[in-house]
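Residue numbers start from 1 in every chain, and the chains themselves are labelled A, B, ... in the order their sequence lines are given, proteins ahead of strands.
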Number of protein chains: 2
Amino acid sequence: MTRRTTIYDIAKELGITAASVSRALNNNPKISESTRKLVMETAAKMNYKQNKLALALRSGKSFNVGVIVPRIDSNFFASVIRGIEEELNEHQYNVIICQSHENEKREGESINTLLNAQVDGILMSVSNVNSDNSNLLKRIIEKNVPLIFFDRKKNIEGVSSVTINDFDVSYEATVHLIKQGCSRIAHFMGNQTLEIFENRFKGYKKALEDNGIAFNQDYVIQTKSVLEDGKRAVDELFSLESPPDAIFSSSDFTALGAIKQLKMKGIKVPKDFCVVGFGDEPFTKFMELSMTSVDQAPLEMGKMAAKVFLEQINNKDNIKIEKKVVLKSQLLIRDSSSRNIIL
Amino acid sequence: MTRRTTIYDIAKELGITAASVSRALNNNPKISESTRKLVMETAAKMNYKQNKLALALRSGKSFNVGVIVPRIDSNFFASVIRGIEEELNEHQYNVIICQSHENEKREGESINTLLNAQVDGILMSVSNVNSDNSNLLKRIIEKNVPLIFFDRKKNIEGVSSVTINDFDVSYEATVHLIKQGCSRIAHFMGNQTLEIFENRFKGYKKALEDNGIAFNQDYVIQTKSVLEDGKRAVDELFSLESPPDAIFSSSDFTALGAIKQLKMKGIKVPKDFCVVGFGDEPFTKFMELSMTSVDQAPLEMGKMAAKVFLEQINNKDNIKIEKKVVLKSQLLIRDSSSRNIIL
DNA sequence: TAAAAGTAGACAATCGATTACGCAAACATA
DNA sequence: TATGTTTGCGTAATCGATTGTCTACTTTTA
């Protein structure tokens with residue numbers, strides 16, 4: 001194994017100092033054209049590669065960005081990360097991945113790890129539990145490390161975020177169900193400590209209200225984003241005196257569980273019952289009876305989060321930037337809620 | 001923003017030198033117990049955190065590990081990465097993600113980026129094309145950076161790999177189809193420059209042979225891992241004089257495309273036609289007619305790849321370790337190939 | 001008591017790149 | 001010619017932690 005070439009090696013080779021080599025490589029104007037050319041050529045010949053670690057130590061910039069997600073093996077987060085990686089890659093940043101597993105403690109550890117690794121910024125989707133890592137988040141801000149939330153955000157003064165218009169699209173989804181002739185619409189509600197789920201619930205509620213449909217608390221079932229909860233919820237709903245005729249679910253997985261359970265009960269979807277999910281998980285379009293869902297624009301969200309980070313990092317004036325980007329999501333109407341009725 | 005505390009700050013505070021502080025923090029025996037305690041306490045009080053960048057520069061170890069995958073937004077790779085991250089996290093390593101997009105050039109760039117970032121190891125699944133980044137791979141090895149392939153490997157002297165027993169499980173899958181009464185079994189074949197697909201094909205072929213079924217080249221269709229190729233392949237197969245009665249697909253996506261197209265043609269699965277996919281993508285079990293598939297044990301694969309890396313990095317004796325780990329995968333028999341017939 | 005041995009910590013170099021400062025030579029101006 | 005300016009590059013400090021070598025002091029041993 002041969003040692004890496006350093007600027008000192010090049011300097012020795014040319015009989016100049018490392019400082020001059022550094023300047024030449026960085027196109028510093030204080031170097032003559034001839035020397036610069038010589039240095040460039042020699043560097044290429046000796047296969048010189050800048051030592052990022054030395055640069056990082058000197059400049060305090062590691063060119064690494066940390067991303068914290070609840071988990072990576074979910075289509076949504078994986079796609080967001082893909083977007084982040086692609087955007088940042090073009091700007092020579094690397095992406096370091098941490099998983100919080102919806103666990104407050106691990107989330108805290110991840111933050112510490114990333115700060116410790118001297119990342120240049122942290123992009124995160126907060127853990128599911130109503131985590132109280134506020135001290136750590138404060139530390140990120142105090143250290144002047146750009147922090148950007150995506151999807152699951154917290155409202156913190158001065159912190160940018162990228163989300164989708166959960167309220168609007170949920171409103172739209174609910175109206176869509178109403179237009180299909182449904183009037184007893186249930187909602188599978190996610191963790192209300194997270195704004196996204198709160199907004200989905202609010203959008204649903206408002207749509208009912210605006211269309212003269214009374215809100216029924218019995219139709220709102222708290223669910224985690226897993227198949228089983230959807231099944232359980234359907235059972236619960238059908239034990240009511242007047243069961244619903246549609247579900248707007250805040251998750252594709254619970255919606256899928258619901259559809260399976262409805263089938264078990266012999267209830268025809270969409271003829272007798274309409275279902276709308278949320279997330280546009282790949283399986284929604286692969287199902288025999290494809291599922292209406294909401295595209296959360298994960299790729300775009302990742303790219304946008306990365307762009308917001310880049311803006312902040314390039315903001316030399318030290319002006320506080322607080323950007324709240326809200327992406328447009330899209331209701332994708334498929335079989336599970338298409339009665340082909342025009343009301 | 002307050003500057004981070006360094007060992008110099010602690011040294012000044014205590015009237016000793018930074019060297020002593022460093023030794024105290026590292027439990028070097030040349031430091032008295034009293035001084036060590038004092039240093040520890042002061043460090044805690046001043047909220048000292050070791051600067052990883054300085055350490056990295058000094059030691060040449062960054063505690064970052066690079067992972068290169070074709071893409072991250074596929075369930076398989078995301079799960080592998082999850083496994084890698086979880087295992088390495090426990091050993092204080094961070095994971096840097098790069099996507100090659102099945103593109104040889106980007107794969108090369110990723111390798112360069114990672115080497116440049118001084119990662120302590122590279123775990124990769126090679127790009128789909130028969131890439132010729134051998135020079136770069138050689139550079140990794142020359143630099144003594146541990147390189148570990150997972151799933152899609154190349155056979156390089158001295159390089160470890162973690163894969164599944166593609167041949168065996170493909171054999172098993174084909175035998176399973178035969179046992180269901182199928183005798184004209186087609187195969188959706190992946191890129192044969194990749195060992196995994198080669199082995200799946202070979203396992204399929206051997207199973208036919210061992211069961212006295214003649215191999216028919218017309219039944220082998222080259223496909224990329226996308227829905228459309230599965231549909232197209234079914235059309236192609238049914239334009240044959242004697243169409244097959246089963247498919248063993250090397251990908252879940254093509255298998256899904258096939259099932260959709262079979263349905264379109266009014267062919268009943270599994271009654272008239274059996275289908276086995278590969279990969280255990282989430283949708284396979286969510287489908288109304290769940291799909292038989294092969295679990296590739298991605299989480300385990302990730303963890304194992306990480307473990308092999310850790311072994312190599314901790315191998316002080318500088319003995320060449322070449323480990324070829326083959327994980328057991330599992331045929332998951334579901335509806336798409338279950339005729340409940342015992343032959 | 002003097003020499004030998006051991007202990008605790010200081011000093012300084014090192015990892016590789018960047019950069020403020022300074023200096024000498026070349027050139028321009030008066 | 002004397003003075004000022006520009007150009008091109010060298011010197012040395014810096015980022016923060018680690019570590020080989022050296023030194024002053026203490027303790028042990030003969």
Side-chain angles (χ1 to χ4, degrees), chain A residues 1-40 42-43 46-64 92 115-120 143-144, chain B residues 1-40 42-43 46-64 92 115-120 143-144:
Chain A
M1 180 175 72
T2 49
R3 216 173 43 80
R4 293 170 63 110
T5 3
T6 71
I7 52 171
Y8 293 92
D9 301 326
I10 300 175
K12 195 183 284 175
E13 182 76 18
L14 296 178
I16 57 179
T17 61
S20 298
V21 175
S22 172
R23 289 196 180 93
L25 291 170
N26 288 291
N27 289 318
N28 185 308
K30 295 196 144 208
I31 291 292
S32 70
E33 197 48 52
S34 58
T35 309
R36 182 194 325 285
K37 227 180 123 187
L38 205 59
V39 168
M40 292 293 194
T42 314
M46 297 177 75
N47 194 26
Y48 168 77
K49 293 279 188 305
Q50 191 188 43
N51 185 324
K52 300 283 183 194
L53 293 181
L55 181 60
L57 176 59
R58 180 90 225 283
S59 65
K61 245 191 106 161
S62 65
F63 269 95
N64 288 328
Q92 279 66 56
L115 286 179
N116 227 240
Q118 318 259 92
V119 292
D120 295 342
K143 280 179 171 257
N144 246 346
Chain B
M1 181 176 70
T2 49
R3 214 172 45 79
R4 293 169 64 108
T5 13
T6 71
I7 51 172
Y8 294 92
D9 301 327
I10 299 175
K12 195 183 283 174
E13 182 76 17
L14 296 178
I16 57 179
T17 60
S20 299
V21 174
S22 172
R23 289 199 171 89
L25 291 171
N26 288 291
N27 288 318
N28 185 305
K30 294 196 145 210
I31 293 292
S32 69
E33 196 47 53
S34 57
T35 309
R36 182 195 324 287
K37 228 180 122 187
L38 206 59
V39 168
M40 292 294 193
T42 314
M46 297 177 75
N47 195 25
Y48 168 78
K49 292 279 188 310
Q50 191 189 43
N51 186 322
K52 301 281 184 196
L53 293 181
L55 181 59
L57 175 59
R58 181 89 225 280
S59 66
K61 246 192 104 162
S62 65
F63 269 94
N64 288 327
Q92 279 65 58
L115 285 180
N116 228 241
Q118 317 259 94
V119 291
D120 295 341
K143 281 180 170 255
N144 247 345

- Item | Nearest-nucleotide pick for Arg23(B), side chain only, options being dA10(C), dA12(D), dG16(C) | dA10(C)

Could you check how far [atom1] of [X] sits from [atom2] of [N], rounded to whole Å?
X        : N       : atom1 : atom2 : result
Asn28(A) : dC9(D)  : CG    : P     : 11 Å
Gln50(B) : dC15(D) : CD    : P     : 18 Å
Ile10(A) : dT18(C) : CD1   : C1'   : 14 Å
Asn27(A) : dT18(C) : CG    : P     : 12 Å
Lys49(B) : dA17(D) : NZ    : P     : 12 Å
Leu25(B) : dA17(D) : CG    : P     : 9 Å
Lys61(A) : dT14(D) : NZ    : P     : 24 Å
Arg3(A)  : dG16(C) : CZ    : C1'   : 10 Å

Regarding [X], tell me which of base, sugar-phosphate or nothing describes its non-hydrogen contacts under 4.0 Å with the strands shown.
X        : result
Leu57(B) : base
Ser59(A) : nothing
Leu55(A) : sugar-phosphate
Ile7(B)  : base

Any [X] side-chain nitrogen or oxygen under 4.0 Å from OP1 or OP2 of [N]:
X         : N       : value
Ser32(B)  : dG9(C)  : yes
Tyr8(B)   : dT18(D) : no
Thr17(A)  : dG10(D) : yes
Gln118(B) : dC15(C) : no
Ser22(A)  : dT19(C) : no
Asn26(A)  : dT18(C) : yes
Ser20(A)  : dG10(D) : yes
Thr6(A)   : dG16(C) : no

Report yes or no: does [X] contribute a side-chain atom to a donor-acceptor pair with the main-chain N or O of [Y] at less than 3.5 Å?
X        : Y         : answer
Asn28(A) : Lys30(A)  : yes
Thr42(A) : Ile10(A)  : no
Arg36(A) : Pro29(A)  : no
Asn64(A) : Val119(A) : no

- Message: Would Lys12(A) pass as a cation-pi partner of Tyr8(A), given that its NZ or CZ must be under 6.0 Å from the six-membered ring centre and within 45 degrees of the axis?
- Response: no

- Message: If you assign each of Arg58(B) and Ile16(B) to its closest nucleotide in DNA chain C, which residue comes earlier from the 5' end?
- Response: Ile16(B)

- Please step through side chain to side chain contact (heavy atoms under 4.5 Å, CB included) for the pair Leu25(A) and Tyr48(A), ending with a clear verdict. CA-CA 10 Å; Leu25(A) 291 170; Tyr48(A) 168 77; 3.6 Å; yes

